[in-house]
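No experiment lies behind these values; they were computed from the predicted model shown. Numbering of ligands and ligand atoms starts at 1, following listing order.
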Amino acid sequence: MTVSRFITFEGIDGAGKSTHIESLKARLAAQGPVLSTREPGGTPLAEQLREMVLHSGMGPLTELLLVFAARRDHLDKVIEPALAAGTTVLCDRFTDATFAYQGGGRGMDLAQLATLEQWVQQGRQPDLTLWFDLPAEIAAQRRAAARAADRFEQLDLEFFERVRAGYQARANAAPQRIARIDASRPVVEVAAQIVAVMEQRGW
Ligand code: TYD
């Protein structure tokens, strides 16, 4: 029987998760169908919302609602159908990012976030979350070498330390689901940590 898995990738901007999503996809593709997608985004409508969230000025509540609206469309049209068809879904960011960025970073009420999480996801949670953790300062150095900054990437070190603390709180609350990866290590070592997490689960 095919077992579909929902795996999400999290961490502050500059943690380096993109490289590892691709290599994990190649590894899992040997076992069955795999789809990779991202949030905010993953459907034409949600990609439009992403563009707004990343580049238009707005208040924190508007930002939060757009992120969850995008998530609902993505769940409806892509994630739930794929999982139902036995496809493993790899998603670059999901609701832990909302708790970290809108909750930790922007200071939005966590109880309100939890209500939206329940409302939008109807109990759906990732089977595994790989959290690429590193100090905000190292992440900022990596970003500086990369590309033009979006609305989030322009924020200061304190913002990203709050985001990081938001991830830590989520990891503490769901230690079975969220595996911390030390993303400050060189790429090969990070890849080895991911393989170890997968093997632990027999994946
Ligand atoms: P990111 O995933 O880092 O994409 P890229 O690799 O193209 O930069 O960027 C998405 C941004 O959106 C990131 O700064 C975090 C933010 N974000 C939130 O604030 N809340 C959310 O719920 C999600 C999914 C993302």
Side-chain angles (χ1 to χ4, degrees), residues 6-25 36-43 45-75 78-79 89-110 112-121 124-126 129-134 136 138-167 169-170 178 181 183 187 190:
F6 182 27
I7 305 175
T8 60
F9 300 77
E10 297 284 359
I12 58 177
D13 295 86
K17 58 192 161 50
S18 314
T19 322
H20 298 287
I21 295 175
E22 284 315 306
S23 40
L24 187 60
K25 187 179 183 185
S36 59
T37 183
R38 67 172 181 182
E39 290 215 349
T43 69
L45 174 65
E47 288 290 333
Q48 286 184 312
L49 294 172
R50 175 191 178 93
E51 190 56 30
M52 294 177 203
V53 168
L54 296 192
H55 302 291
S56 306
M58 65 184 73
L61 180 56
T62 310
E63 179 181 285
L64 173 67
L65 293 171
L66 291 185
V67 161
F68 268 113
R71 181 161 301 136
R72 179 64 198 183
D73 196 55
H74 193 203
L75 280 163
V78 174
I79 297 174
V89 177
L90 306 184
C91 193
D92 186 349
R93 300 190 182 282
F94 196 62
T95 305
D96 296 310
T98 314
F99 277 85
Y101 281 79
Q102 281 66 48
R106 303 274 197 222
M108 301 293 287
D109 180 1
L110 297 183
Q112 281 180 2
L113 265 60
T115 301
L116 284 165
E117 177 184 34
Q118 173 53 35
W119 195 30
V120 167
Q121 290 165 226
R124 170 63 68 192
Q125 288 292 345
T129 297
L130 296 170
W131 168 37
F132 293 76
D133 183 39
L134 83 177
I138 302 178
Q141 288 162 9
R142 291 189 185 170
R143 287 201 303 279
R147 49 167 184 210
D150 62 36
R151 277 177 72 236
F152 292 98
E153 292 168 342
Q154 291 162 8
L155 295 164
D156 55 21
L157 280 185
E158 287 84 72
F159 176 85
F160 284 105
E161 280 301 346
R162 288 199 303 277
V163 173
R164 186 184 184 201
Y167 277 126
R170 289 287 276 182
I178 303 181
I181 302 293
V187 176
V190 172

Quiz item: Side-chain contact, heavy-atom cut-off 4.5 Å: Arg38 with Ile21?
Solution: no
Self-check item: N or O contact, Arg93 vs ligand 1, cut-off under 3.5 Å
Solution: yes
Quiz item: Does an N or O from Arg71, backbone or side chain, lie closer than 3.5 Å to an N or O of ligand 1?
Solution: yes
Return the closest protein heavy atom for [atom] as residue, atom name and distance.
atom	result
atom 25 (C) of ligand 1	Pro40 CD, 3.5 Å
atom 6 (O) of ligand 1	Arg147 NH1, 3.7 Å
atom 23 (C) of ligand 1	Ala97 CB, 3.6 Å
atom 20 (N) of ligand 1	Gln102 OE1, 2.8 Å

Quiz item: Where do Asp133 and Glu10 land on the side chain to side chain contact (heavy atoms under 4.5 Å, CB included) test, with the steps shown first?
Solution: CA-CA 8 Å; Asp133 183 39; Glu10 297 284 359; over 6 Å; no
With heavy-atom distances below 4.0 Å as the criterion, list the atoms of ligand 1 near [X].
X	answer
Thr98	21 (C), 22 (O)
Leu54	11 (C), 12 (O)
Val67	21 (C), 22 (O)
Glu153	8 (O)

Quiz prompt | Face-on cation placement of Arg124 at Phe94 ring, 6.0 Å and 45° thresholds | solution = no
Practice problem: Have a look at Leu113, Ile12, Asp13 and point out the one with the heavy atom closest to atom 14 (O) of ligand 1. | Solution: Asp13
Quiz prompt | Closest to atom 4 (O) of ligand 1 (judged by heavy-atom distance), picking from Lys17, Glu39, Arg50 | solution = Arg50
Self-check item: Thr129 versus Arg170, side-chain donor and acceptor atoms under 3.5 Å
Solution: no
Using modelled atom types and a 3.5 Å cut-off, is there a donor and acceptor pairing between side-chain atoms of [X] and backbone atoms of [Y]?
X	Y	answer
Arg143	Asp13	yes
Glu47	Gly42	yes
Arg50	Pro40	yes

Self-check item: Stepwise side chain to side chain contact (heavy atoms under 4.5 Å, CB included) check, Phe152 with Arg106
Solution: CA-CA 10 Å; Phe152 292 98; Arg106 303 274 197 222; 3.4 Å; yes
